2 protein chains.
Amino acid sequence: MVAEPGQGDEVVTTPAEPPAVPHPADEPAVRERARAIPEAAVARLAIYLRALTELSEQGVGTVSSEELSIAAGVNSAKLRKDLSYIGSYGTRGVGYDVGVLIGQVERILGLTRNHSVAVVGIGNLGHALANYNGFPGRGFPVTALFDVDPDLIGVPVGGIPVDHIDDIPQVVADRDITIGVIATPPSAAQEVCDRLVSAGVQCILNFAPVVLQVPDHVEVRKVDLAVEMQILSFHVARRADEGSTESTAAGPDGAVNGTGMSEVDGMVMRP
Amino acid sequence: MVAEPGQGDEVVTTPAEPPAVPHPADEPAVRERARAIPEAAVARLAIYLRALTELSEQGVGTVSSEELSIAAGVNSAKLRKDLSYIGSYGTRGVGYDVGVLIGQVERILGLTRNHSVAVVGIGNLGHALANYNGFPGRGFPVTALFDVDPDLIGVPVGGIPVDHIDDIPQVVADRDITIGVIATPPSAAQEVCDRLVSAGVQCILNFAPVVLQVPDHVEVRKVDLAVEMQILSFHVARRADEGSTESTAAGPDGAVNGTGMSEVDGMVMRP
DNA sequence: AGCCGCTTGTGAACGCAGGCACAAAGTCGC
DNA sequence: GCGACTTTGTGCCTGCGTTCACAAGCGGCT
């Protein structure tokens, strides 16, 4: 994260990071607690949640930090620390109750309510996104699609009719859209972004390879395939340089690679 | 960075398992320089490259760190430091020559050669990816598609015929695939990953929401739409808490028990 | 030529995140 | 009921990445 970064943020989030209050206002639990969760930890909480859901479906009722950390591919100490950010829901000597933990993580991640999603730009990607009717992890129903192409307007994609981007303000308000996904060509991205923001959308997932300019109160996350590919390319090149010592010996060592290496902008990577 | 007096290869402090390089290797400045580039900086280099390319197309010949940093949405000091990792190609008092810098960044990112890409899983996302014939930023031609569905085998998508995943070893070797993209349902991801790795692919871009287990020499980057959405959701929730103290309280729509884990997530750009 | 202003490159401080190790806290067995 | 064992929660240290601030270097102007 995208890593990140993740990270690094990410590589991308809001440019200006409000450095929070120098003096912790006493202990207003609710707000401070939520604010205190590091971005990287939030990303991992989502991973834990997936692992927990899987365990739950398998009928597992209790899980230790060690087990869960393996499933999530992280260090167990890190996992415990991450969980401690949201409270103390474990039982020493036993572990965590899967059901309880799922509930708490969902609460923190704001998954107790649905977040309607609008996808702008119904090209290849937009099409693919619209067809994820279930959308990953449920709780994020796509309820609106936008484009500028007259041929697309009115045509339903994945069961949802495409509206013209001029209708963004009204549709966003009507359907209570909280998340906007930009899947347009780069040239249109900023324009679309501005329209979404004007319509009241405060969270944007941007697939276009542009750095969006947004007000401070808007949260942007960026997914950039070109960057991902180039990072991989970098590692290929780096590897090629190392050709001298210890060549391609390394057989399929399926063993546990205990190295918890790098991590970027929210996107985990395992060398 | 480390002005190591003696080449102390020995473990210095913690007796645990140092994730350091197994073999001390030498310290050839040239190679070490590449290795010394922080992961986060690599991600940004890709962003800079895009901004530089844009400038170049506009006929701009020289750019200052200040200008470029604005275009890339980062701090100018950070940009200069990032660029310093790859060498000193700027001219004090003037700035950077756009053409030269593009060349150097491309060199570091290994973009002087083409990287053939294979996409596994021709569902919604795989389809979208395959149709990016140009693929983002070019230099990453998709030359192979794989799936298990007999109805898809042989059918060309985006000009490339789909092969059965049993053919991975041969096709990967024949077409010199260096990057594998996993766009399968989560249940198949690890299996596909193993096959790619066995076939010699060392870089994988994973769109499936699973933590892949791979040998140390394989580089994996993960793009997880569900995680991205949940992070955004978190920020919505945090924001809501800041205004009014609203506790859990079920949302308006109870949303029937969602379907089980949905599919993969997808993403790209330039639809 | 010499000065001046601009921009790079980087040393150093700072802050945050990661990992270790241990005390606290609970369970299980006897 | 008590001790031994298990596992959580966290203080502390370490290392990385970001930011600041400034000296060094280069071009242009006089």
Side-chain angles (χ1 to χ4, degrees), chain A residues 3-13 15-20 22 35-45 62-70 72-97 100-101 104 258-266 268, chain B residues 1-3 11-20 33 35-45 62-70 72-97 100-101 104:
Chain A
E4 166 160 306
Q7 6 201 10
D9 228 77
E10 203 114 286
V11 180
V12 174
T13 49
E17 186 58 47
R35 187 172 258 292
I37 304 179
E39 190 78 15
V42 174
R44 286 190 297 268
L45 283 176
T62 300
V63 66
S64 72
S65 64
E66 187 63 26
E67 296 167 324
L68 188 53
S69 71
I70 291 172
V74 303
N75 181 301
S76 72
K78 192 192 294 184
L79 180 137
R80 287 197 300 275
K81 183 157 285 187
D82 288 343
L83 291 183
S84 78
Y85 290 128
I86 69 175
S88 292
Y89 301 106
T91 304
R92 295 170 192 237
V94 179
Y96 301 88
D97 181 281
V100 170
L101 203 49
Q104 293 304 323
T259 53
M261 278 289 273
S262 42
E263 187 169 305
V264 179
D265 86 74
V268 186
Chain B
M1 3 243 54
V2 187
V11 180
V12 186
T13 52
T14 55
E17 53 103 56
R33 181 200 54 198
R35 184 174 257 294
I37 303 179
E39 192 75 19
V42 174
R44 286 191 297 267
L45 283 175
T62 301
V63 66
S64 71
S65 63
E66 187 64 25
E67 297 167 324
L68 188 54
S69 71
I70 291 172
V74 302
N75 183 300
S76 72
K78 191 191 290 185
L79 180 138
R80 287 198 300 277
K81 180 149 284 192
D82 287 344
L83 291 183
S84 78
Y85 289 128
I86 69 174
S88 292
Y89 302 106
T91 304
R92 295 169 193 238
V94 179
Y96 301 89
D97 180 283
V100 170
L101 203 49
Q104 293 303 324

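Order of the sequence lines sets the chain letters (A, B, ...), proteins ahead of strands, with each chain counted from 1. Just so we're clear, the structure is a prediction, and the values are computed from it rather than from any experiment.
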Taking atom [atom1] of [X] and atom [atom2] of [Y], what is their separation to the nearest 0.5 Å?
X	Y	atom1	atom2	result
A:Lys81	A:Ser65	NZ	OG	13.0 Å
B:Leu68	B:Thr62	CG	OG1	12.0 Å
A:Leu79	A:Ser64	CG	OG	9.5 Å
B:Asp82	B:Asn75	CG	CG	10.0 Å

Nearest-Å distance, [atom1] ([X]) to [atom2] ([N])?
X	N	atom1	atom2	result
B:Ile86	C:dT10	CD1	P	12 Å
A:Asp82	C:dC16	CG	P	16 Å
B:Gln104	C:dT8	CD	C1'	16 Å
B:Lys78	C:dA13	NZ	C1'	17 Å
A:Leu79	C:dC20	CG	P	14 Å

> Do B:Leu83 and B:Tyr96 come within less than 4.5 Å of each other through their side chains, counting heavy atoms only?
Replying inline: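 Answer yes - side chains close enough.
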> Any side-chain heavy atom of B:Ser84 sitting closer than 4.5 Å to one from B:Arg80?
Replying inline: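 The answer is no; the side chains never approach within 4.5 Å.
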> How does protein contact run along nucleotides 5-14 of chain D, one letter per nucleotide 5' to 3', with B for base contact, S for sugar-phosphate only, - for none, heavy atoms under 4.0 Å?
Replying inline: -BBBBBBB--
>> At less than 4.0 Å, is any side-chain N or O atom of B:Asn75 found next to OP1 or OP2 of D:dG17? Yes or no.
In response: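 No, because none of the side-chain N or O atoms of B:Asn75 sits under 4.0 Å from OP1 or OP2 of D:dG17.
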